[in-house]
Amino acid sequence: MKYFSLSGQADKVSFREAAIRGLAPDKGLYFPESIPALPPDFFKTSIYQMSLSEAAFQAIRPFVGDDIPEAVLKQIVKETLSFDFPCKEIKPNLFSLELFHGPTMAFKDVGARFMARCLGYFNQTRQGERITVLVATSGDTGGAVANGFYGVEGVDVVILYPGGKVSAIQEKQLTALGKNITALEVRGNFDDCQSMVKAAFLDADFSALNLTSANSINVARWLPQLFYFLSAYRQLQGHAPAFVVPSGNFGNICAGILIHKMGMPVEHFIAATNINDTAPRYMQTGKYEPRPTQPTISNAMDVSDPSNFVRVLQLFGNEFTEIKKYVSAQSYTDDQTRETMSKIFQATGYVTDPHGAVACRTAEDYLSAHPQSKAVFLETAHPAKFLETVENTLSTKIAIPQGLQNLLDKEKRSIPINSYREFKDFLLEKSV
Ligand SMILES: *Cc1c(COP(=O)(O)O)cnc(C)c1O
């Protein structure tokens with residue numbers, strides 16, 4: 001499989017190159033040259049006769065090609081999927097696909113673990129050349145990437161996070177590991193962190209450093225997210241569901257559309273967003289018009305210019321009418337999100353986190369209009385990661401899982417960064 005740049009200028013590359021580079025040299029996102037179809041009986045029969053990890057291997061294999069030997073890739077997929085993805089029916093025909101049973105309790109674990117293992121493998125044949133993974137985080141990505149890459153030979157991870165603007169649990173997930181993981185505590189907000197990372201990729205002074213990105217623009221982090229949709233489909237025993245995906249950068253929903261294009265029956269895709277509603281407005285008007293980002297209680301979705309949106313468009317040949325057939329989008333305010341969290345809790349006892357709640361509300365609306373359907377919403381983070389919001393909204397205490405509790409006792413280690421210059425000095429110093 002070759003990958004081309006959606007900006008259209010750069011040379012085609014293999015999976016290996018695309019994963020090591022992150023972004024194409026023309027700053028475009030890499031996209032697979034063709035969408036492979038799985039054999040027709042794969043989704044009818046075979047998928048039930050194999051383990052999730054075997055099915056996931058079959059689905060990802062064509063994207064990796066010969067860059068990773070079959071046995072190694074099988075092992076990578078198996079290690080990536082070493083926890084559960086239960087799809088729970090919380091009301092008739094309304095399912096919560098829980099993606100928070102991994103080490104950092106948010107869905108980004110799968111992408112980070114897969115990418116880390118792929119880079120670890122590629123690095124074995126790079127004769128000592130180290131790779132530096134740069135990542136800006138507003139909370140969950142940094143923890144998942146730190147955890148996924150911890151101890152991977154030949155790879156250093158540098159995480160930039162906005163000081164004082166991530167939760168206590170999230171901060172410990174970034175800062176307490178040490179070893180090949182360094183946390184930079186930036187004075188500023190998430191956008192400042194993101195601009196520093198972007199500037200570093202454009203900075204000629206770093207050309208000797210192998211810098212890559214661990215955000216979902218990286219194909220090695222984006223593609224494995226299709227495993228979730230496979231898992232739900234298997235658990236629903238072939239009933240083609242409508243998937244509701246709480247969306248920020250649109251990496252997750254884009255991976256779902258990809259496996260659908262490979263042959264998996266899906267009734268419909270719905271992107272659920274908070275008031276950062278560039279995509280819902282696009283679905284109404286056909287015009288892509290980002291506005292300034294506004295903070296919300298579902299902060300992992302506070303994105304107004306979703307980086308994977310170009311991939312979604314590409315999957316439909318950039319035809320607005322085609323997109324509208326298969327995808328809708330809906331947005332809700334924080335008040336509506338809290339109201340949903342309370343209603344669902346009162347009616348069923350089920351606790352949603354703010355991101356899952358936005359999607360849950362969207363799914364309920366879909367079911368009112370399509371009572372014969374099954375709607376699966378992706379519950380992307382454990383409610384305990386958003387403890388204050390959840391407890392205040394539900395007026396109840398929720399249990400903190402042991403893994404998160406243990407973290408709170410660990411020591412925070414971070415380096416303060418006040419400017420791009422300081423960030424640059426840090427990176428240059430590190431590389432000598
Ligand atoms: C990252 C994240 C999202 C958004 O996912 P995208 O792939 O960026 O659309 C939703 N919920 C949670 C909890 C997240 O961490």
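Just so you know, ligand 1 is whichever comes first in the structure, and atom 1 is the first atom listed for that ligand. Because the structure is predicted, anything quoted here is derived from the model rather than measured. The basis for the numbers below is simple: all heavy atoms, side chains too, and nothing from hydrogens, waters or symmetry mates.
If you look at Q225 next to ligand 1, there are no close heavy atoms at all, none under 4.0 Å. Both the backbone and the side chain of N252 come within 4.0 Å of ligand 1, judged by heavy-atom distances.
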Report task. Could you check F377 against I90 for side chain to side chain contact (heavy atoms under 4.5 Å, CB included), going step by step and ending with a plain yes or no? Result -> CA-CA 11 Å; F377 72 89; I90 60 172; 3.8 Å; yes

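For the pair K374 and E89, the salt-bridge criterion is not met [side-chain N within less than 4.0 Å of a carboxylate O]. Between K385 and D140 there is a salt bridge, with a side-chain nitrogen of the basic residue lying less than 4.0 Å from a carboxylate oxygen of the acidic one. With salt bridges taken as basic N to acidic carboxylate O contacts below 4.0 Å, one links K91 and E364.
The ring pair (Phe, Tyr, Trp, His ring centres under 6.0 Å) analysis of residues 274-296, with sequence neighbours excluded, yields the pairs Y282-F309, Y282-F320, Y288-F309.
The protein heavy-atom contact nearest to atom 13 (C) of ligand 1 is T380 OG1, 3.3 Å. The protein heavy-atom contact nearest to atom 1 (C) of ligand 1 is K108 NZ, 1.4 Å. In terms of protein heavy-atom proximity, atom 8 (O) of ligand 1 is closest to N249 N, 2.8 Å. Looking at atom 4 (C) of ligand 1, its nearest protein heavy atom turns out to be G248 N, 3.6 Å.
Cation-pi geometry between K325 and F316 is not satisfied (NZ or CZ under 6.0 Å from the ring centre, within 45° of the ring normal). A cation-pi contact, defined as under 6.0 Å to the ring centre and within 45° of the axis, is absent between K27 and F201.
The ligand atoms of ligand 1 that sit less than 4.0 angstrom from a heavy atom of A300 are 2 (C), 12 (C), 14 (C), 15 (O). With ligand atoms numbered from 1 in the order given, ligand 1 contributes 6 (P), 7 (O), 9 (O) to contacts under 4.0 Å with heavy atoms of G251.
Evaluated by nearest non-hydrogen atom to atom 3 (C) of ligand 1, the leading choice among F107, F100, F309 is F107.
Using cut-offs of 30° and 60° on the angle between ring planes, the pair H370 and Y366 is parallel.
No N or O atom of A381 sits closer than 3.5 Å to an N or O atom of ligand 1. Any N or O atom pair closer than 3.5 Å counts here, and F250 shares at least one such pair with ligand 1. Considering backbone and side-chain atoms together, D140 places an N or O closer than 3.5 Å to an N or O of ligand 1.
Residue contact check for ligand 1: A106 places no non-hydrogen atom closer than 4.0 Å to it.
F269 pairs with exactly one of V244, I323, I257 by the side-chain contact (heavy atoms from CB on, under 4.5 Å) rule, that one being I257.
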